[in-house]
2 protein chains.
Amino acid sequence: MTESRQIDQGKPPRTMSREQRRTQLIEATISTLAARGYSRTTLTEVARTAGLSHGLVLFHFETKEKLLGETLAYLAEEYRQNWQGALANAGPDPAEQLNAMIEADFAPAICAPARLAAWCSFWGEAQSRPLYQEACGDKDDAYNATLEGICARLSNEGGYDRNPVHAARIIRVTTEGTWLDMMTMVTPYSPAEAMTTVRTAAALCFPNHFTPEGLK
Amino acid sequence: MTESRQIDQGKPPRTMSREQRRTQLIEATISTLAARGYSRTTLTEVARTAGLSHGLVLFHFETKEKLLGETLAYLAEEYRQNWQGALANAGPDPAEQLNAMIEADFAPAICAPARLAAWCSFWGEAQSRPLYQEACGDKDDAYNATLEGICARLSNEGGYDRNPVHAARIIRVTTEGTWLDMMTMVTPYSPAEAMTTVRTAAALCFPNHFTPEGLK
DNA sequence: GTTCTGATTGACAAAGCAGTCAGTCAAAGG
DNA sequence: CCTTTGACTGACTGCTTTGTCAATCAGAAC
C-alpha cells in the first residue's frame, strides 16, 4: 500500500497492475472528497475523476466502505512517513528535531488543500465510525509519544522547567487548530503563515531555541 | 430563531407552535448528526429521533438543505450568545475577560459531545459548500476581533511586549485544536482537561496573569 | 497464433433517499 | 355544535446510489 505512489501519466494504458490502479483510485477518492465533501462522494464520481468505470472501483475495493477505509489508511500512512522521514533527516539536537516535525506538518505534500479537505471530511464522520479511530488512533499515539520525548529532552538539555507533556500538547493542538483554520477560514491562509503560528507556540514554550521565524 | 430554546417535555401535545417544533427538529438534527455523521443523516432519521413523521420535517423546513443550514445557523448563534454573554458578565479587566472567553468555549452547553460532533460534521462539508463557509466564517470574525482587542489591552496594561494578533491567534487555534482533539481522541478528554490546555497557552502568552489552573 | 489470466466495462437489480400531496386531525373561535 | 385554520401523517413518485454480473478486452506465456 505504501510503495509506488507515483502514477505514470505518459499515455495511460488500458489496464494497469492491481497496485497502481488502487493507488490511482485512492487519489481520485481524495480529490473527490475535497471537491464535493464526504456526503456527496459517490463511486461514480470517483470513477469519473479517474476516467474509469464505476464497476472497476468495486472490483478493486469490493465496497465503498472499504475504499474509504483504505483511503484513510493511505493518508495516515503518508502522514506517518512524512514526519518520521523528516525526523530521521534531522540531527540529534532536540530543537532541530522539533523544528523538523513542525516543518513536516506543513510540508506541501501534507497540507495541500485537497489533502487537508480529505482529512477534514473524515473528521466529520469520525465519531460515528470506529474505522477512523482505528486508523488514526495509532498514528496519533506514535506522533504524541515522539513529540513528548523531544520536548522532554529539549526541556532538560535547554534548562527549561516546563512540563514536556503540556508543551507537546500545546504544539500539537496548535498544529491541529491551524489546519482547521486553513480549512474553514474564508480568507486564504498560506502554509508559511500557518507555520509561523506554530513556531510562535514553540517560541512561547522554548524561547531560547525558537522564534516565530524558526530556530534560533 | 433565538427565543425559547427550551422545549416543554411534560406530555408532548399532538401539535406544537411553529417555532417550538422547528427548534425541536433542529435539536433532533444535531443529535442525528452526532450519532450518524453528516453523510448518513436522513430526514427519516431526524424525524424518528423527534418522534415525528418525515413529511413534517419538510413541512417546516422545505428542503433538507435548508434544515441543515438553519441547524448550522442555530449552532453559530448559540455559540455567539454564549461567549458574548460570558464577556458581558466579566468585569472590565482584560485578564478576566480573556478567562471568561476561555471558560465560555468549554462550557458544557457548547462543548457537549453532540454539539462538537455536529460542528465537526459541518467542517467536513464546509469547503465544498459556500453556505457553510458563511455561517462558520462570520462567527469567527467577531470572535477574533474581540479576542484580539482583549489581548491588545492585556498586552498594554500588563506590560507585555507581545504581538496581540499572534497571542489571540495562539489562543484561538489552541481552542480549536483542543475541540478537534476531544472529537478524535480515543481516550476520553474532559472539558476541564481541555480548558487546562488552553489556559496553559494563555499562561505562556501572559505569564503574569495566567497559570494552567486559571487566573493568577 | 492460441490460450489463459486478470483487468475492465456497462447493463442491470435492489435499496434508500428527498420531496409531493391528498387527506386527517386537533384546537380555537364563533 | 359548526367552521376554519394550521399542524401533521403516510403513501407515493422519481431519482440517485451501491452493488452484481455476464461479457469483453488486453497482455503475457507458450
Side-chain angles (χ1 to χ4, degrees), chain A residues 1 4 7-8 10-29 31-33 35-72 121 125 128-129 131, chain B residues 1 4 7-29 32-33 35-72 121 125 128-129 131:
Chain A
M1 186 188 312
S4 74
I7 296 157
D8 186 353
K11 47 174 183 288
R14 184 168 183 81
T15 74
M16 271 189 185
S17 78
R18 185 167 187 80
E19 215 48 44
Q20 277 180 315
R21 198 59 101 193
R22 285 169 63 92
T23 303
Q24 180 193 7
L25 288 169
I26 285 174
E27 287 289 345
T29 304
S31 300
T32 307
L33 283 172
R36 318 215 329 165
Y38 193 106
S39 69
R40 292 186 303 176
T41 290
T42 65
L43 294 179
T44 303
E45 184 63 25
V46 169
R48 181 158 43 210
T49 301
L52 299 164
S53 71
H54 101 244
L56 189 61
V57 182
L58 289 161
F59 172 79
H60 281 295
F61 292 93
E62 294 185 69
T63 67
K64 185 188 181 186
E65 185 86 5
K66 288 183 184 172
L67 168 66
L68 290 166
E70 295 213 35
T71 300
L72 181 60
S121 302
E125 303 284 322
S128 64
R129 306 213 182 189
L131 173 68
Chain B
M1 185 188 311
S4 74
I7 296 157
D8 187 353
Q9 297 287 11
K11 48 175 184 282
R14 184 168 182 83
T15 73
M16 272 188 184
S17 78
R18 184 167 188 79
E19 214 48 45
Q20 277 181 314
R21 199 57 105 192
R22 285 169 63 92
T23 303
Q24 180 194 7
L25 287 169
I26 285 174
E27 286 289 346
T29 304
T32 306
L33 284 172
R36 317 214 332 163
Y38 192 107
S39 67
R40 292 187 304 174
T41 290
T42 64
L43 295 180
T44 302
E45 185 62 26
V46 169
R48 179 157 44 208
T49 301
L52 299 164
S53 72
H54 109 227
L56 187 61
V57 182
L58 290 160
F59 172 77
H60 281 294
F61 292 94
E62 293 186 69
T63 67
K64 185 186 182 186
E65 186 84 5
K66 288 183 184 171
L67 168 66
L68 290 166
E70 294 211 35
T71 300
L72 180 57
S121 301
E125 301 286 322
S128 64
R129 307 214 182 189
L131 173 66

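Every chain is numbered from 1, with letters handed out A, B, ... down the list of sequences.
- Of the possible polar contacts, one joining the B/E125 side chain to the A/S39 backbone as a donor-acceptor pair under 3.5 Å is found.
- Atom-to-atom, CD of A/E62 to C1' of D/dT18 comes out at 14 Å; the value is rounded to the nearest Å.
- If you take CG of A/L25 and C1' of D/dT18, they are 16 Å apart, rounded to a whole angstrom.
- Comparing A/R40 and A/G55 along DNA chain D, the residue whose closest nucleotide (by nearest heavy atom) sits nearer the 5' end is A/R40.
- A/L131 approaches A/G69 most closely through the heavy-atom pair CD1-CA, 3.7 Å.
- Of the candidate nucleotides C/dG19, C/dT8, D/dG10, C/dG19 has the atom lying nearest to any side-chain atom of B/T63.
- Distance, A/E65 CD to D/dT18 P: 12 Å, rounded to whole Å.
- Rounded to whole Å, atom C1' of D/dG10 lies 13 Å from atom CG of B/L58.
- Among the atoms of the strands shown, only primed sugar atoms or phosphate atoms (P, OP1, OP2) are found under 4.0 Å from some heavy atom of A/T41.
- The NE2-C1' distance, from B/H60 to D/dC8, rounds to 8 Å in whole Å.
- B/L43 comes within 4.0 angstrom of sugar-phosphate atoms only, judged by non-hydrogen atoms across all strands, and of no base.
- At whole-Å resolution of the value, NE2 in A/H54 and C1' in D/dT18 are 7 Å apart.
- Closest to the side chain of A/R18, from the set D/dT9, C/dA7, C/dA18, is C/dA7.
- Comparing C/dA18, D/dT18, D/dT9 by their nearest atom to the side chain of B/T42 picks out C/dA18.
- Regarding contacts with the backbone of C/dT8, a side-chain N or O of A/R21 is found under 4.0 angstrom from either OP1 or OP2.
- The main-chain N or O of B/T41 is found under 3.5 Å from a side-chain atom of B/K64 such that the two form a donor-acceptor pair.
- Under a 4.0 Å N-O distance rule, the pair B/R22/B/E70 qualifies as a salt bridge.
- Residue B/L67 holds its CG atom at 3.5 Å from OG1 of B/T29, rounded to the nearest 0.5 Å.
- Remark: C1' of C/dT20 and CG of B/L56 are 15 Å apart, rounded to the nearest angstrom.
- Between A/Q24 atom CD and C/dA7 atom P there is a gap of 14 Å when expressed in whole angstrom units.
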